[in-house]
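Note that ligands are numbered from 1 as they come in the structure, with each ligand's atoms numbered from 1 the same way. In this chain, numbering begins with 1 at the start of the sequence shown.
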Amino acid sequence: MEYMERALELASHAAGMVSPRPPVGCVLVKDGEIVGEGFTTPSPGPHAEVSALREAGDRARGSHAYTTLEPCNHHGNTPPCTDALLNAGVATVTAAIQDPDPRVDGNGIRRLKSAGIEVTNHASGEHTARAWDLIEGFARLTKTRRPLVIAKYAMSLDGKIATRTGDSQWITSEIARERVHRQRAQADAIMVGSGTVLADNPRLTARPGGEPTDIPRPRLRVLVDTTGQIPPSARMFWEPGAVLIVYATRSEDAGPLIGLPDNVEKLELPSGYGGVDLVMLIDEMGSRGIGTVIVEGGGRLIGSLIDLGLIDKIEAYIAPVIIGGVEAPGPVAGEGTEKLRDAPRLERVTTQSLGPDTLITGYVPGHTDHIPESNA
Ligand code: AOF
Ligand code: ZN
């Protein structure tokens with residue numbers, strides 16, 4: 001197997017589990033054989049390289065390291081991985097991408113080179129892109145102290161997310177829905193508004209292959225319930241894993257927010273455009289070390305976030321079905337744009353087929369400053 005491919009697979013096990021750290025994978029190869037593998041653990045556990053070195057033991061000497069991210073060269077919560085690699089006598093290092101953390105930013109590679117180690121970035125374009133995708137939330141958090149906020153929705157070809165009676169199960173095919181579950185498992189948080197919970201009563205857990213994950217994922221499920229409308233019986237509260245309910249100040253009448261299990265935390269924020277102060281909410285998530293948050297609806301919450309300029313990236317799943325009806329809701333409400341020339345036209349757009357459906361992704365203009373030039 002391609003070693004960088006394996007390193008990326010290892011890194012994906014850490015995705016959604018280790019923020020504010022980036023998920024990284026590392027493989028050590030000697031005489032054509034893998035002698036050590038590792039991925040990032042939650043702080044203050046070891047980084048990927050150190051996990052792999054521990055597994056390899058003495059066999060690390062003279063081995064070739066493949067990492068999905070430049071090894072760190074600073075004392076954070078753990079000592080530098082560059083020192084660990086040098087002390088273990090690793091012969092060469094291949095790193096897919098540079099670490100955007102300003103404390104590293106090429107210093108890890110320079111340090112290894114100056115110690116006489118051959119360092120290459122002989123990763124294919126595809127590997128580089130995947131390595132980048134894995135740490136995108138980390139890069140955003142490092143540069144802006146805010147998470148990458150992704151609006152995700154599934155809609156019909158005529159731009160509806162449900163019928164006029166509220167029926168929405170299912171618009172997209174199983175292939176597309178499976179991808180959503182795998183993506184949920186790799187996000188740090190998922191967020192919805194109260195309308196979505198009232199309409200669909202979702203669990204909001206990741207169930208790749210139809211099964212819940214061993215460790216509850218995503219790590220945090222956030223409900224924006226401005227006026228405290230959601231009853232304690234909502235399914236999302238009773239699944240394993242942390243839940244954050246956000247509601248607006250003035251809530252003596254936020255009665256239903258009692259009788260909830262211990263995994264549910266309540267956060268009161270000042271009221272603001274569209275409900276609670278969403279800028280404060282996104283900042284709060286950043287300060288909790290959340291690197292990626294997927295907003296899964298509904299249209300009101302996504303619309304308010306877009307109006308406020310808080311959405312970075314859109315992931316639209318489009319199914320070839322026509323729902324019709326003026327009353328049937330669309331994915332983005334809010335105030336919207338008055339003039340078409342002012343509407344955010346997405347950049348870096350990609351299109352992908354998922355069975356009968358199409359996934360279109362893109363970035364909101366002005367929200368790409370976390371992406372390095374080399375990935376432009
Ligand atoms: C690596 N390998 O597996 C990871 C790296 O303060 P700490 O110990 O939590 O370190 C976090 C920083 O280390 C993070 O900002 C990033 O620069 C780097 N992450 N580096 O060599 C890894 N996760
Ligand atoms: Zn490190």
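H47 and T40 share no side-chain donor-acceptor pair at under 3.5 Å. A donor atom on one side chain and an acceptor atom on the other are not found under 3.5 Å apart for T358 and S353. Side-chain contact check for T337 and D342: no donor-acceptor pair (N or O, by modelled atom type) lies under 3.5 Å. Using modelled atom types, one finds no donor on one side chain facing an acceptor on the other under 3.5 Å when comparing T142 with D101.
For D31, the CG atom sits in a loose shell: 12 or fewer heavy atoms of surrounding residues, nucleotides or ligands are nearer than 6.0 Å.
Atoms of ligand 1 lying under 4.0 Å from at least one heavy atom of A48, given by number and element, are 3 (O), 22 (C). Against a heavy-atom cut-off of under 4.0 Å, H74 is close to the following atoms of ligand 1: 12 (C), 13 (O), 17 (O). For ligand 1, the atoms sitting less than 4.0 Å from at least one non-hydrogen atom of P71 are 21 (O), numbered in the order shown with element in parentheses. Within ligand 1, counting atoms from 1 as listed, the ones closer than 4.0 Å to a heavy atom of N77 are 6 (O), 7 (P), 8 (O), 9 (O). Residue T78 has at least one heavy-atom neighbour below 4.0 Å for each of these atoms of ligand 1: 8 (O). Ligand 1 places these atoms under 4.0 Å from at least one heavy atom of R103: 12 (C), 15 (O). Residue E49 has at least one heavy-atom neighbour below 4.0 Å for each of these atoms of ligand 1: 1 (C), 2 (N), 3 (O), 21 (O), 22 (C). Taking a cut-off of under 4.0 Å to the non-hydrogen atoms of P22, the atoms of ligand 1 that pass are 14 (C), 16 (C), 19 (N), 23 (N).
Under the 4.5 Å side-chain criterion, counting only non-hydrogen atoms from C-beta, I97 is in contact with I135.
Within the structure, the closest approach of H75 to ligand 1 does not fall below 4.0 Å when heavy atoms are considered. Using a 4.0 Å heavy-atom cutoff, F138 is listed among the residues neighbouring ligand 1.
Centred on the Zn ion (ligand 2), the ND1 atom of H47 and the SG atom of C72 lie at an angle of 110°, reported to 10°.
The shortest contact between atom 17 (O) of ligand 1 and any protein heavy atom is with D99 OD2, 2.5 Å. Atom 9 (O) of ligand 1 has as its closest protein heavy atom R21 NE, 2.6 Å. Taking atom 15 (O) of ligand 1 as the reference point, the nearest protein heavy-atom neighbour is D101 OD2, 2.5 Å.
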Y273 and D307: side chain to side chain donor-acceptor pair (under 3.5 Å), yes or no, with the steps? CA-CA 9 Å; Y273 177 77; D307 288 344; 2.5 Å; yes

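Paired with N107 under the rule side chain to side chain donor-acceptor pair (under 3.5 Å), one option of R110, R103, R111 passes, and it is R110.
Using modelled atom types, no side-chain atom of E347 and backbone atom of P365 make a donor-acceptor pair closer than 3.5 Å. Judged purely by atom type and a 3.5 angstrom limit, T292 uses its side chain to pair as donor or acceptor with the backbone of D188.
Taking the charged nitrogens against the carboxylate oxygens, E284 and R288 do have a contact shorter than 4.0 Å, which makes a salt bridge.
Residue G76 has no N or O atom closer than 3.5 Å to an N or O atom of ligand 1.
Within the 4.0 Å heavy-atom criterion, both parts of H47, backbone and side chain, lie near ligand 1. Residue contacts with ligand 1 for C72 involve both N, CA, C or O and side-chain atoms from C-beta outward (heavy atoms, distance under 4.0 Å). The side chain of V104, and not its backbone, has at least one atom closer than 4.0 Å to an atom of ligand 1 (non-hydrogen atoms only; side chain from C-beta on).
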